[in-house]
Amino acid sequence: MTTDEWPQSVAAARAQQIKWAGKLKLQSFPVSLLRATTRVVGVDVGVDSATQQLRAAAVLVDPINAELRDMAVATATAQFPYVPGYLSYREVPVILAALAKLAVTPDILFCDGQGIAHPRQFGIACHLGLLQNCPSIGIAKSLLFGTAKSPAAKFGAHSVIEVQGNAVGMALRSREQVKPIYLSPGHKINLLDALQWTLHFCRGFKLPEPTRLADQIASRRHKKWQTVD
DNA sequence: GCGACAG
DNA sequence: ATCTTGTCGC
């Protein structure tokens, strides 16, 4: 797979998605396996308002208290347009660059976007999980594919994201009084375990800490703490 | 054919 | 994704 060239068209990307979706392993990865040494990483991408360059942030969070432990940032010019259903072909390159700068390899990756709750069951979380060969979970703020009832108002309430009768993800009330988030497994994890891992990192905000912190850093509005350049 | 459409 | 401050409420 490392010898494949990066798709340069939506048609090529589509063919790769269909092919690679077949490589995904949705297996058990219970949150009970979490240790004080488990490397939990969150990634997200933002756009530099001035240069239009993509900026990816990879953050390492404490597995127990979910606090920020380390971070890495990378920037790059987008080489693929944003096309619904093909987001990973635009964001994955710069995310991989940020991950490469991080001192550790992730044991589990939280990504901003869909996992298998995708038209071809190959959202950005699947793409990253395969390339990093590690469990991954997709955390999206809106639904791209499938249907789901609105979950109950209470924290932790969830409803299945369904596609032709199959449960591919979950709409989760990660915070009361706020619109739900849509999570789905990417690779090497199943739906129920993905839900448990996500709940473990929801600490009072809509987004679970890994993606919330990555989002904050990738979007520069937190730059007052690193603008000592 | 007409909308919908992660970030 | 991004344009954007203060303000109301749990």
Side-chain angles (χ1 to χ4, degrees), chain A residues 10 13-14 17 20-21 24 42-59 73-98 109-130 136-148 152-157 161-164 168-187 194 198 202-208 210-224:
Chain A
V10 169
R14 180 191 175 80
Q17 291 182 320
W20 286 12
L24 299 174
V43 295
D44 189 27
V45 174
V47 182
D48 187 290
S49 54
T51 69
Q52 283 305 299
Q53 285 216 302
L54 299 184
R55 174 172 47 234
V59 303
V73 173
T75 59
T77 299
Q79 297 298 305
F80 202 94
Y82 167 64
V83 181
Y86 301 87
L87 172 68
S88 68
Y89 291 91
R90 177 182 177 76
E91 303 191 339
V92 164
V94 67
I95 289 176
L96 291 178
L109 199 52
F110 280 79
C111 318
D112 194 41
Q114 317 292 340
I116 62 171
H118 176 281
R120 287 162 295 285
Q121 302 151 53
F122 201 71
I124 191 169
C126 302
H127 203 152
L128 286 170
L130 265 187
S136 62
I137 300 173
I139 305 292
K141 294 178 287 297
S142 62
L143 197 55
L144 168 70
F145 192 65
T147 59
K154 203 170 187 59
F155 171 80
I161 295 177
E162 210 170 291
V163 172
Q164 295 177 44
V168 299
M170 213 72 95
L172 169 67
R173 191 72 65 185
S174 53
R175 179 175 180 176
E176 302 188 0
Q177 231 65 51
V178 175
K179 305 260 61 176
I181 58 174
Y182 300 86
L183 69 97
S184 56
H187 184 46
T198 301
C202 282
R203 302 298 174 90
F205 298 94
K206 172 175 180 171
L207 297 176
T211 49
R212 187 182 74 83
L213 294 170
D215 177 86
Q216 203 171 84
I217 295 166
S219 298
R220 132 250 93 166
R221 42 197 151 79
H222 171 279
K223 189 166 185 176
K224 304 167 185 174

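Lettering follows sequence order; numbering is per chain, from 1.
Rounded to an integer number of Å, the gap from NZ of Lys179(A) to P of dA6(B) is 15 Å.
Where stacking is scored as ring centres under 5.5 Å apart with planes under 30°, Tyr182(A) does not register as stacked on the base of dA6(B).
Between Lys206(A) and Val178(A), the closest heavy-atom pair is CD-CG1, 3.5 Å.
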Between the protein and nucleotides 4-10 of chain C, which nitrogen or oxygen pairs are less than 3.5 angstrom apart?
none

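For the pair Ser88(A) and dA6(B), the criterion of a side-chain N or O lying under 4.0 Å from OP1 or OP2 is not met. Residue Ser142(A) places at least one side-chain N or O closer than 4.0 Å to OP1 or OP2 of dG7(B).
Closest contact between the side chain of Val47(A) and the listed nucleotides dA6(B), dG7(B), dT2(C) involves dT2(C).
Side-chain polar atoms of Gln53(A) and Thr77(A) form a donor-acceptor pair below 3.5 angstrom. Looking only at atom types and distance, the side chain of Arg120(A) has a donor-acceptor partner in the side chain of Tyr86(A) under 3.5 Å away.
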Inset, instruction - List the steps and the verdict of salt bridge (Lys or Arg N to Asp or Glu O under 4.0 Å) for Asp112(A) and Lys141(A). - result: CA-CA 8 Å; Asp112(A) 194 41; Lys141(A) 294 178 287 297; 3.1 Å; yes
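Leu54(A) comes within 4.0 angstrom of nothing in the nucleic acid, heavy atoms only. At the heavy-atom level, Gly138(A) lies nowhere under 4.0 Å from the strands shown. Using a 4.0 Å heavy-atom distance criterion, Tyr86(A) is classed as a base contact.
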